[in-house]
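Each remark here refers to the structure printed beneath this line.
The structure displayed is predicted, hence computed values, not measured ones.
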Amino acid sequence: MSTQTTKSYHEGAYLSLMKGLKELDLNGPCVPCDLLLNGDHAFPLAINSQGQVLMAASRYGRGSIVVLGHESYLTAFPALVENAVTWLRGEGSHDLTVGVNNKVTAVADNLIKSGLKVKAVGSFSDSREVGVYVTDAYGVEADAKDLVAFLKAGGGVLIAGQAWHWASTKPKENTLLHFPGNKVSAVAGIYFTAHRGKVEILPVYPQIPSSWMTLRDGKDFKDDLEILLQGVSEFDLTGGIIASEALIHGPLAFPIGTTEDGRAFLAGSYYGRGRVVVITHEYPLKTEKLLPFLKNAIDWLDQGRKGVVGVEPNLKLLSKSGLKYEEAAFRKDLSVFVCQVWKDDHVEEMQDFVAEGGGLLIGGHVWNWAYKNFGLNPFTDFSGNKILNRMGLSVMPAQIAEGSYKVPVPTETEEDNNHFRHVLSRFAGRVTKGEELPTHEEKQLKKLEMECTNFLMMKAYGSHSYKHVLSILTDISKKLGMPQVSVKNPVKNLKDHLLLSVGTGVYKASLDPDALLPYLIKDIPVLPVVKDQRIRITVNTADENEWISTALYLSPGMKTEMILPANIVNKNWTIQIGCQTDYLEHDELKRARSVHERFPVTAEKMQVWSLWGGLIYLVAPPNTKVEGAEVVVLMAVSAPYYKSGVTTADDWLLLRKAPAPWAEFEFDNIILTVPSDIVRKLERPDEVAALWNDIMKGIADLAVIPHKFSRKERMVADEQISVGWMHAGYPVMIHTKSAAELFEPDDARTAGLWGEVHELGHNQQRSCTEFRPHTTQATCNLWSVYVHEEVLGLKREKAHPRMILTNRKNTVDKYVKGGKNLSDWNVWTALETYLQLQGIFGWDAFKKVFAAYHKINNYPSDNSGKMNLYAETFSQTVGMNLSAFFKSWGWPIDRATEEKLTPLPPWSDHPMLKYD
């Protein structure tokens with residue numbers, strides 16, 4: 001179904017159902033029940049002032065259903081019933097007969113007066129060739145299976161009743177599962193509940209009624225948790241299990257296992273007539289770690305049927321567990337199916353399986369998938385979430401550290417601080433009433449910020465539930481606006497954090513972002529645009545993705561269309577808007593947490609935009625070769641762009657005036673991205689190019705890699721970055737305050753660029769020669785020392801104060817006095833070990849060692865093994881037994897290494913000898 005079709009389905013259905021009605025007078029002796037709506041398709045027809053749904057409609061399969069909260073409404077509102085029957089029959093089905101149960105024969109008389117073909121029947125089994133069946137909610141249990149099949153095949157059902165009286169006579173029964181009417185309506189996501197509805201006169205609105213008060217749980221889950229947690233004392237997620245966090249967003253979803261700060265890794269939900277349990281890592285489904293819980297979960301999912309439990313073959317649940325199961329692929333006759341989140345070949349069948357009463361136990365994480373699938377949306381593209389989203393649960397990329405977590409004590413609570421809908425309801429209510437947010441809810445607001453961002457990423461426009469939440473958040477954004485975050489106006493308090501994230505997320509998810517933009521960003525500069533810009537793409541990527549610059553920029557909210565070559569469509573290419581890809585988690589924000597957008601290339605013509613604007617990039621996937629392909633950008637803003645060897649001095653004098661606020665400089669092996677104001681007056685970009693070409697050659701020389709990098713490094717300036725003063729990666733991130741020094745060659749040769757080269761050194765570190773965490777911040781400085789001395793001609797003691805001889809000596813003395821504990825061997829202390837080697841054997845020795853490691857395919861994974869291999873390799877390289885030197889530094893050199901090095905002459909005068 002297309003987005004446009006799903007977008008208009010609920011609205012069109014509502015208009016048909018409420019045609020000609022001005023109000024619904026519910027006053028009188030009849031007390032309806034509150035209806036609970038769940039899933040994608042259910043939507044309200046009438047909501048009272050308490051946020052209770054008293055009438056609703058939905059669809060299941062090819063059919064539709066209308067549910068009224070009291071059976072008397074079948075006769076009290078004849079015009080509504082006539083509308084409902086007409087809608088349920090569908091267009092072009094005027095000759096179909098309406099079957100009316102004898103218990104509601106008064107309905108038949110009204111329908112006959114309207115000219116409809118009506119057949120009174122004792123039960124649905126007596127109906128033949130009817131298109132719509134009208135009944136109360138009390139006597140349908142015997143026909144429930146047939147009615148569901150009728151609905152799924154395209155039939156229409158009008159059912160009315162209330163469940164509060166039934167529930168009062170059966171206090172121990174689960175109303176959602178066992179009330180007769182729910183055995184039919186629940187498959188479509190509408191449940192009769194035990195709650196009485198407030199009666200009043202309700203206006204009929206021109207659009208589907210909406211209220212933040214409907215954001216609530218559908219039941220208390222204490223009884224469910226008592227079953228699920230019986231005999232379970234803890235959830236053991238140790239042994240390398242890094243789970244994903246679960247988002248609990250459906251009204252019938254609930255947490256089962258959480259961390260101490262409320263992050264869920266185990267959750268359950270009712271869906272239709274069935275149930276689902278998700279654990280956010282697959283490993284517990286394969287081991288005994290959570291076996292008592294798994295037994296409980298399967299019993300809860302089975303609902304007492306004692307049916308067949310099918311287990312995906314590769315899980316191989318332990319036979320000694322006592323669980324009775326079959327290794328089986330998914331099939332509909334199972335009672336419970338146990339599987340992982342990786343396959344999506346039965347999404348709709350599995351959803352229907354659960355809706356019609358089946359149980360699903362599903363496990364797996366998404367964080368590794370999200371890492372590997374650059375540019376894809378884990379909520380719309382990940383197989384597990386394609387199954388789970390509709391059931392009110394989703395698996396998020398956020399990680400949960402391994403650990404052993406206490407089992408919660410099941411209690412009856414009115415408010416659940418771990419449930420997205422509860423916290424959002426409280427927030428929306430206070431915003432609507434103009435109340436201040438209490439400080440004691442800061443923890444919940446911080447969690448809500450993250451969950452709103454993730455929920456909105458589902459972009460489930462065919463789901464009324466999703467659009468309802470989106471509508472509420474849109475109204476909040478319009479009412480309160482969004483903080484105009486900047487260096488001068490940082491965002492500090494949690495309310496503004498939340499509004500900033502909600503505004504950003506709502507804009508991304510909105511079907512009309514242009515109308516929303518003025519509420520979010522107040523001052524957008526108007527910049528001149530260029531049209532029909534053609535960019536040639538030639539790329540040959542290695543094992544990593546690569547950004548391709550376009551020298552074009554989009555202003556905040558500005559849309560453009562891009563025409564792309566067919567050979568990159570649906571080939572894992574993405575369009576990226578924005579150069580700053582750091583996600584910020586700081587308490588004080590000088591910009592939004594995330595300010596870039598990515599669009600997977602799925603068509604030859606793509607429309608792209610970003611709330612924050614940014615430079616336009618194409619991102620090529622790993623191991624991709626494209627030569628001379630053309631991309632056309634229909635409208636954008638020109639950005640200052642210099643490319644060494646291509647851009648002339650005269651070209652630059654014109655290009656530097658390009659109006660975009662971001663500029664890029666592409667040199668032989670690195671691309672620098674900085675605010676344009678920093679380089680508007682730059683006269684000699686060729687001198688800057690010479691500086692960075694030399695620096696990058698120096699980095700390559702020490703690393704013993706080709707002077708032409710397989711992928712050019714990138715360095716991007718930002719007002720705020722995720723961690724540190726600078727940090728490594730692709731791109732290397734630096735603060736804007738440091739950006740100017742990138743373009744000052746003379747200063748670089750007198751004051752140095754220690755930090756920048758330090759980060760580029762990080763990018764050269766390789767696991768085989770790193771002993772983390774000891775060398776993480778140490779060996780990268782080998783490149784800093786080398787580049788400053790060998791390229792910039794700046795002695796090491798001038799490049800950094802920690803390189804002054806007295807400071808170096810103090811570093812060693814402190815380490816020795818501390819007992820030469822390897823736990824203290826890090827940063828400058830660890831660097832000193834390498835500098836002592838360099839002082840005697842020179843840089844050539846390091847180059848030869850790095851070259852040797854290029855040929856080593858198998859190396860130990862543990863630090864002790866890697867340190868012994870390094871000592872051996874360095875010794876063999878310089879032709880001298882260095883084991884005594886490394887042992888003097890506290891390295892765990894074993895006897896086998898010493899014996900290997902025995903034929904070499906010992907280093908008898910090494911620098912650490914005086915400390916032994």
Q: Have a look at Phe841 and tell me which of Tyr834, Phe846, Trp907 forms a ring pair (Phe, Tyr, Trp, His ring centres under 6.0 Å) with it.
A: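 Of the listed options, the one satisfying the test is Trp907.
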Q) So which of Trp692, Phe743, Tyr641 actually passes ring pair (Phe, Tyr, Trp, His ring centres under 6.0 Å) with Phe665? A)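 Exactly one candidate clears the test, Phe743.
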Q) Could you go step by step and tell me if Leu753 and Glu741 meet the side-chain contact (heavy atoms from CB on, under 4.5 Å) rule? A) CA-CA 8 Å; Leu753 292 167; Glu741 66 191 34; 4.0 Å; yes
How long is the gap from [atom1] on [X] to [atom2] on [Y], to the nearest 0.5 Å?
| X | Y | atom1 | atom2 | answer |
| --- | --- | --- | --- | --- |
| Leu913 | Ser888 | CG | OG | 7.0 Å |
| Met696 | Asp701 | CE | CG | 11.5 Å |
| Trp889 | Thr833 | CH2 | OG1 | 4.0 Å |
| Asn572 | Leu376 | CG | CG | 6.5 Å |
| Met803 | Ser784 | CE | OG | 9.5 Å |
| Gln580 | Glu719 | CD | CD | 8.5 Å |

Where the side chain of [X] meets the backbone of [Y], is there a donor-acceptor pair that is under 3.5 Å apart?
| X | Y | answer |
| --- | --- | --- |
| Glu402 | Gly240 | yes |
| Ser594 | Tyr583 | no |
| His735 | Ala717 | no |
| Lys887 | Ile893 | no |
| Asn821 | Gly818 | yes |
| Thr776 | Arg772 | no |
| His910 | Met912 | yes |
| Thr550 | Ile616 | yes |

Between the side chains of [X] and [Y], is a donor N or O closer than 3.5 angstrom to an acceptor N or O?
| X | Y | value |
| --- | --- | --- |
| Gln576 | Arg598 | yes |
| Glu770 | Thr779 | yes |
| His497 | Arg593 | yes |
| Asn781 | His758 | yes |
| Thr897 | Glu872 | no |
| Asp236 | Thr238 | yes |

Closest approach of [X] and [Y], non-hydrogen atoms and distance?
| X | Y | value |
| --- | --- | --- |
| Pro600 | Gly375 | CG-O, 3.4 Å |
| Glu713 | Gly729 | OE1-O, 4.3 Å |
| Val679 | Val674 | CG1-CG2, 4.0 Å |
| Met726 | Ile721 | CA-CD1, 3.7 Å |
| Thr258 | Tyr405 | O-CB, 3.9 Å |
| Thr877 | Thr873 | OG1-O, 2.7 Å |

Plane angle bin for [Y] and [X] - parallel if under 30°, tilted between 30 and 60°, otherwise perpendicular:
| X | Y | result |
| --- | --- | --- |
| Tyr617 | Trp547 | tilted |
| Trp828 | His800 | tilted |
| Tyr870 | Trp891 | tilted |

Q: Please assess Ser738 against Trp725 for the test side-chain hydrogen bond (donor to acceptor under 3.5 Å, both in side chains), listing each intermediate value before the final yes or no.
A: CA-CA 9 Å; Ser738 301; Trp725 181 245; 3.2 Å; yes
Q: Show your working on side-chain hydrogen bond (donor to acceptor under 3.5 Å, both in side chains) between Glu666 and Ser644 and close with a plain yes or no.
A: CA-CA 6 Å; Glu666 181 174 353; Ser644 57; over 6 Å; no
Q: Begin with the C-alpha distance, continue with both residues' side-chain angles, and end with the deciding distance and a verdict on side-chain contact (heavy atoms from CB on, under 4.5 Å) for His762 and Gln777.
A: CA-CA 8 Å; His762 269 307; Gln777 295 297 329; 3.2 Å; yes
Q.
Assess the residue pair Asn314 and Lys286 against the criterion (side-chain contact (heavy atoms from CB on, under 4.5 Å)); give the C-alpha distance rounded to whole Å, side-chain angles, the decisive distance to 0.1 Å, and a yes or no.
A. CA-CA 9 Å; Asn314 60 345; Lys286 303 178 182 181; 5.8 Å; no
[X] bridged to [Y] by N-O distance under 4.0 Å:
| X | Y | answer |
| --- | --- | --- |
| Glu797 | Arg808 | no |
| Asp668 | Lys708 | no |
| Glu234 | Lys406 | no |
| Asp813 | Lys809 | yes |
| Arg714 | Glu664 | yes |

Is any side-chain heavy atom of [Y] closer than 4.5 Å to one of [X]?
| X | Y | result |
| --- | --- | --- |
| Lys712 | Ile670 | no |
| Pro621 | Asn545 | no |
| Phe886 | Asn868 | no |

Q. Between Arg711 and Tyr730, is NZ or CZ placed under 6.0 angstrom from the six-membered ring centre and within 45° of the ring axis?
A.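 The answer is yes, since Arg711 meets both limits relative to Tyr730.
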Q) What do the steps show when you test Thr811 against Glu832 for side-chain hydrogen bond (donor to acceptor under 3.5 Å, both in side chains), and what is the final call? A) CA-CA 8 Å; Thr811 297; Glu832 189 59 30; over 6 Å; no
Mark yes when over 12 heavy atoms from residues, nucleotides or ligands other than [X] sit less than 6.0 Å from its [atom1]; otherwise mark no.
| X | atom1 | value |
| --- | --- | --- |
| Asp587 | CG | no |
| Asp543 | CG | no |
| Lys697 | NZ | no |
| Lys820 | NZ | yes |

Q.
Could you walk me through whether Arg796 and Gln838 satisfy the side-chain hydrogen bond (donor to acceptor under 3.5 Å, both in side chains) test, starting with their C-alpha distance in whole Å, then the side-chain angles of each, then the deciding distance to 0.1 Å, before giving a yes or no?
A. CA-CA 13 Å; Arg796 62 187 69 177; Gln838 191 275 330; 2.9 Å; yes
(Q) Run Leu782 and Trp843 through side-chain contact (heavy atoms from CB on, under 4.5 Å) and show every step you take. (A) CA-CA 10 Å; Leu782 289 172; Trp843 289 115; 4.2 Å; yes
Q: Verify ring pair (Phe, Tyr, Trp, His ring centres under 6.0 Å) between Tyr786 and Trp754, making sure each step is shown before the conclusion.
A: CA-CA 11 Å; Tyr786 180 84; Trp754 183 278; over 10 Å; no
